[in-house]
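Below, chains carry the letters A, B, ... as their sequence lines are ordered, and counting in each starts from 1.
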Protein chains: 2
Amino acid sequence: MDPQADYPPFAVTVDLVVLTVRADQLSVLLVRRAIPPHRGAWALPGGFVHADEKLADAAARELAEETGLTGPVGHLEQLATYGDPGRDPRGRVVTVAHLALLPDLPTPVAGTDADSAEWQPVDRVRTDRLAFDHARILADGVERARAKLEYTPLATAFCPPEFTVAQLRTVYETVWGTRLDPRNFHRKVTGTPGFVTAVGRATEGDRGRPAQLFRRGLATLLYPPMLRPTTPHGRDLR
Amino acid sequence: MDPQADYPPFAVTVDLVVLTVRADQLSVLLVRRAIPPHRGAWALPGGFVHADEKLADAAARELAEETGLTGPVGHLEQLATYGDPGRDPRGRVVTVAHLALLPDLPTPVAGTDADSAEWQPVDRVRTDRLAFDHARILADGVERARAKLEYTPLATAFCPPEFTVAQLRTVYETVWGTRLDPRNFHRKVTGTPGFVTAVGRATEGDRGRPAQLFRRGLATLLYPPMLRPTTPHGRDLR
DNA sequence: CCTATTTTCGTCTATCCGACGATAAGCATC
DNA sequence: GATGCTTATCGTCGGATAGACGAAAATAGG
């Protein structure tokens with residue numbers, strides 16, 4: 001196919017909404033753009049898809065480049081695709097946004113093609129200064145993450161391989177911005193089949209009673225789901 | 001931006017998974033391809049995105065072309081994007097798949113750039129003979145539709161503007177392939193805030209007691225959700 | 001020891017869901 | 001027009017679940 005002939009040529013990129021929970025804050029990985037357009041502005045990490053590369057591979061490659069991660073840590077999924085004609089001044093660029101959830105890694109986050117990269121709490125991001133349409137992509141990614149915590153065990157993607165129920169609860173509280181009763185949460189998590197499996201050991205050295213350590217279970221969907229407390233998300237009027 | 005210079009050029013298409021409920025069957029709109037590649041094979045309707053066109057507009061345009069619909073009927077949303085290097089023999093084509101849910105329209109379904117178009121029950125589609133990677137896109141679309149019936153009032157998109165509880169129940173039963181208790185379903189639907197609003201009139205002429213007519217409510221998310229009966233979707237092992 | 005802290009187990013109650021009986025309200029047929 | 005058939009709608013009952021909260025267990029720090 002010759003794009004010049006019949007159909008308009010597009011450039012295709014992948015952008016990443018990389019979320020983590022650190023210091024009791026849901027945070028997103030942002031890079032400062034070193035080249036135009038939007039030079040100097042904060043943006044989601046991303047880049048062009050190579051000629052013979054799958055979309056998911058491109059996203060995984062960009063994630064590895066930005067975080068230094070190699071192995072399959074956390075979670076990566078396609079989010080949505082954004083392609084409004086005017087979204088990139090360079091021309092017709094369609095971006096396939098992906099959502100990544102990572103544990104709080106002591107990541108150096110060295111920028112390669114960006115001045116710098118850093119974690120920013122999502123509720124302190126100056127969305128009005130983000131490059132391109134990345135404010136909307138970020139909002140969609142955060143909303144997707146919040147919703148997915150309800151029906152999937154994806155909260156474990158924010159945790160290290162072994163974690164306590166309290167750590168998992170902190171993830172929920174941080175992402176949702178709510179407080180959860182530790183006793184009911186404990187019952188719910190340990191009672192939902194496939195959510196977590198006990199590893200048999202416990203923490204030591206911390207304050208309070210030692211906590212059992214768990215790993216992520218086999219379930220891909222939670223049943224029953226972990227519903228958000230009051231006013232669950234979009235419980236609309238009437 | 002010159003795609004020839006720095007980055008590989010892509011063609012971008014939209015493909016549509018158009019679903020409806022007709023004759024107690026969840027059915028998908030398929031077209032028979034009139035041109036190569038995959039000439040003569042069944043495929044999802046779709047086409048190239050124009051040079052100055054939003055993705056959603058392209059999807060709406062294709063939907064209108066294939067169904068003859070003009071006004072905003074039913075529901076249309078982005079599904080996912082598929083761009084594996086080898087998925088189209090003509091070159092690097094990325095397709096942004098969309099999901100459309102429509103009421104059972106007496107649609108002529110006249111093919112424009114296709115030999116013919118027709119509704120096919122999704123469980124009778126010869127997925128091994130669908131063009132490109134459309135079998136997977138179809139499967140993803142059906143699964144998305146099934147899942148969304150649980151948490152959203154989208155089942156109403158399969159219904160005409162005014163419908164009875166029984167019609168809505170038939171939609172659920174057809175899409176999910178299950179049977180639902182009419183009494184519990186009635187209680188659930190009328191008791192979920194914002195799901196449906198009574199229009200005040202009732203059906204006449206049918207068999208049995210006349211049924212109240214409803215319209216879609218204002219809610220965008222159902223709370224509590226309409227959970228699938230036994231073995232809810234992915235209730236995995238353990 | 002004593003206390004503070006955190007984990008974990010139980011209890012109580014309101015609510016929700018599935019199963020199912022009972023009634024309402026139309027049409028068909030005699 | 002009475003009877004029966006069909007479908008819609010309302011109620012009831014029991015088990016399961018979630019939220020509120022008490023209580024015990026298990027550690028660290030004085």
Side-chain angles (χ1 to χ4, degrees), chain A residues 24 149-151 159 162-173 176 178-214 219 221-233 235, chain B residues 24 149-151 159 162-173 176 178-214 219 221-233 235:
Chain A
D24 284 337
L149 289 208
E150 292 193 298
Y151 308 112
C159 298
E162 297 187 350
F163 52 87
T164 67
V165 175
Q167 284 177 54
L168 193 62
R169 178 167 47 84
T170 300
V171 168
Y172 275 96
E173 292 179 335
W176 284 348
T178 60
R179 303 295 292 179
L180 299 174
D181 183 275
R183 298 157 290 190
N184 293 335
F185 183 84
H186 186 278
R187 178 183 58 189
K188 194 76 203 304
V189 167
T190 56
T192 301
F195 195 174
V196 296
T197 58
V199 68
R201 286 176 293 108
T203 59
E204 20 181 294
D206 292 334
R207 252 186 327 188
R209 173 174 170 175
Q212 289 296 316
L213 285 170
F214 294 86
L221 284 163
L222 299 183
Y223 190 83
M226 298 279 309
L227 291 180
R228 279 182 255 192
T230 49
T231 314
H233 45 330
R235 178 204 284 200
Chain B
D24 284 338
L149 288 208
E150 292 193 299
Y151 309 112
C159 298
E162 297 188 351
F163 52 88
T164 66
V165 175
Q167 284 176 56
L168 192 62
R169 176 166 48 83
T170 300
V171 167
Y172 275 95
E173 292 178 335
W176 284 348
T178 59
R179 303 295 292 180
L180 300 174
D181 183 276
R183 299 159 289 191
N184 293 335
F185 184 84
H186 187 277
R187 178 182 57 188
K188 194 75 203 304
V189 168
T190 57
T192 300
F195 195 172
V196 296
T197 57
V199 69
R201 286 176 292 107
T203 58
E204 17 182 297
D206 292 334
R207 252 185 328 188
R209 173 174 172 176
Q212 290 297 315
L213 285 170
F214 294 87
L221 284 163
L222 299 183
Y223 190 82
M226 300 277 310
L227 291 180
R228 278 181 257 193
T230 49
T231 311
H233 44 329
R235 178 203 283 200

- Residues which pass side-chain hydrogen bond (donor to acceptor under 3.5 Å, both in side chains) with Asp206(B), listed by chain and number, not counting sequence neighbours: none
- Item | Interface residues of residues 197-209 of chain B with DNA chain C (non-hydrogen, below 4.0 angstrom) | Asp206(B), Gly208(B), Arg209(B)
Are any of the side-chain heavy atoms of [X] and [Y] separated by less than 4.5 Å?
X: Tyr223(B); Y: Leu227(A); value: yes
X: Arg201(B); Y: Glu162(B); value: yes
X: Phe214(B); Y: Val199(B); value: no
X: Leu222(B); Y: Phe195(B); value: yes

How close do [X] and [Y] get, counting heavy atoms only, and between which atoms?
X: Met226(A); Y: Tyr172(A); value: CG-OH, 3.8 Å
X: Cys159(B); Y: Leu168(B); value: SG-CD1, 4.0 Å
X: Thr203(B); Y: Pro210(B); value: O-CB, 3.1 Å

- Message: Go through it in stages, so that I can follow the logic: the residues are Thr192(B) and Lys188(B), the test is side chain to side chain contact (heavy atoms under 4.5 Å, CB included), and I'd like the CA-CA distance, side-chain angles, deciding distance and then a yes or no.
- Response: CA-CA 6 Å; Thr192(B) 300; Lys188(B) 194 75 203 304; 4.2 Å; yes
- Is it true that a side-chain atom of Glu150(B) and a backbone atom of Arg228(B) form a donor plus acceptor pair closer than 3.5 Å? yes
- Item | Outermost DNA chain C nucleotides near chain A [under 4.0 Å, heavy atoms] | dT5(C) to dT11(C)
- Message: Which residues in residues 179-188 of chain B have a heavy atom closer than 4.0 Å to any atom of DNA chain D?
- Response: Arg183(B), His186(B), Arg187(B)
- Message: Centroid separation under 6.0 Å, is that true for the rings of Tyr151(B) and Tyr151(A)?
- Response: yes
Side-chain atoms of residues 179-186 of chain B: list all donor-acceptor pairs with protein atoms under 3.5 Å, sequence neighbours left out, distances to 0.1 Å.
from, atom 1, to, atom 2, distance (Å)
Asp181(B), OD1, Arg183(B), N, 2.9
Asp181(B), OD1, Arg183(B), NE, 3.4
Asp181(B), OD1, Asn184(B), N, 2.9
Asp181(B), OD2, Arg183(B), NH2, 3.0
Asn184(B), OD1, Arg187(B), NH2, 3.2

- Span of DNA chain D engaged by chain B, first through last nucleotide within the 4.0 Å heavy-atom cut-off, is dT6(D) to dT12(D)
